[in-house]
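First the structure, in the form of structure tokens, and then the observations on it.
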Amino acid sequence: MVEVEWPEGAPVAATVPAVPLVEADAGLHYVCAPMVATLYLAPSPGADPFVREGDQVVPGQQVAILEAMKMMIPVEADRAGEVVKVLVPNATPVEYGERLIALAVSEG
């Protein structure tokens, strides 16, 4: 068993308030990270992003790319819809299952 004592006045981890990125009840679908990696929103530095807010996407359309261990893995939309919000900035590390892009799903 390991016991740890913190001296009085030791720094305490700060609590960061959650920022609501998109309302949960908005009926949105999320494109999520399939793995832990670094997210890139464009095919190369300085290039136009794969998608922007307001763009229409179809299933199978590439919306981002992930880099993991020097491998580039495309991220594709799994539903048709309109890009409502890109939730993660470019060149950001992401976790498995993290929401990347919010879509307003097209009916039909």
Side-chain angles (χ1 to χ4, degrees):
M1 181 163 125
V2 175
E3 290 186 30
V4 177
E5 285 188 37
W6 295 102
E8 279 198 42
V12 178
T15 303
V16 178
V19 176
L21 297 173
V22 177
E23 294 180 20
D25 61 347
L28 300 176
H29 175 74
Y30 298 93
V31 177
C32 297
M35 62 187 349
V36 174
T38 300
L39 175 77
Y40 294 102
L41 300 172
S44 61
D48 287 337
F50 290 105
V51 294
R52 290 185 169 96
E53 293 176 11
D55 286 353
Q56 294 291 321
V57 297
V58 296
Q61 179 179 340
Q62 187 169 357
V63 295
I65 195 162
L66 294 174
E67 179 184 10
M69 298 175 57
K70 303 294 180 191
M71 292 180 57
M72 303 306 266
I73 299 96
V75 178
E76 299 175 347
D78 56 346
R79 302 240 177 119
E82 179 182 337
V83 176
V84 174
K85 183 143 182 83
V86 177
L87 303 170
V88 180
N90 189 49
T92 301
V94 295
E95 297 291 326
Y96 170 78
E98 185 172 342
R99 292 174 173 180
L100 307 175
I101 298 173
L103 298 178
V105 178
S106 300
E107 297 296 323

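Residue numbers start at 1 and run along the sequence shown.
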*How is the hydrophobic cluster of Val36 composed, in terms of its other members, when Ile, Leu, Val, Met, Phe, Trp and Tyr link through side-chain heavy atoms under 4.5 Å apart, directly or indirectly?*
Tyr96
*Given the rule in the side chain to side chain contact (heavy atoms under 4.5 Å, CB included) test, do Leu87 and Leu100 qualify, once you have shown the distances and angles that lead to the verdict?*
CA-CA 5 Å; Leu87 303 170; Leu100 307 175; 5.9 Å; no
*Determine whether Val83 and Leu103 make a side-chain contact, defined as any pair of heavy atoms from C-beta on separated by less than 4.5 Å.*
yes
*salt bridge (charged side-chain N to carboxylate O under 4.0 Å, His left out) pairs, two or more places apart, involving residues 87-97*: none
*State, to 0.1 Å, how close Leu66 and Val94 come at their nearest heavy-atom pair, and which atoms those are.*
CD2-CG2, 3.9 Å
_For residues 30-44, which residue pairs pass the salt bridge (charged side-chain N to carboxylate O under 4.0 Å, His left out) check, not counting sequence neighbours?_
none
Side-chain donor-acceptor contacts of residues 40-58 below 3.5 Å, not counting sequence neighbours, with atom names and distances?
{"residue": "Tyr40", "atom": "OH", "partner": "Glu67", "partner atom": "OE1", "Å": "3.3"}
{"residue": "Glu53", "atom": "OE2", "partner": "Val86", "partner atom": "N", "Å": "3.4"}
{"residue": "Asp55", "atom": "OD2", "partner": "Arg52", "partner atom": "N", "Å": "2.7"}

*Atom CD in Glu98, atom CG in Leu39: separation rounded to 0.5 Å?*
8.5 Å
*asked:* Enumerate the salt bridge (charged side-chain N to carboxylate O under 4.0 Å, His left out) contacts for residues 28-39, please, sequence neighbours excluded, ordered by first and then second residue.
replied: none
*Look up atom OG1 in Thr38 and atom CG in Asn90, then write down how far apart they are to the nearest 0.5 Å.*
10.0 Å
Can you give each donor-acceptor pair under 3.5 Å made by side-chain atoms of residues 69-82, sequence neighbours left out, with the distance rounded to 0.1 Å?
{"residue": "Asp78", "atom": "OD1", "partner": "His29", "partner atom": "NE2", "Å": "2.7"}
{"residue": "Asp78", "atom": "OD2", "partner": "His29", "partner atom": "NE2", "Å": "3.3"}

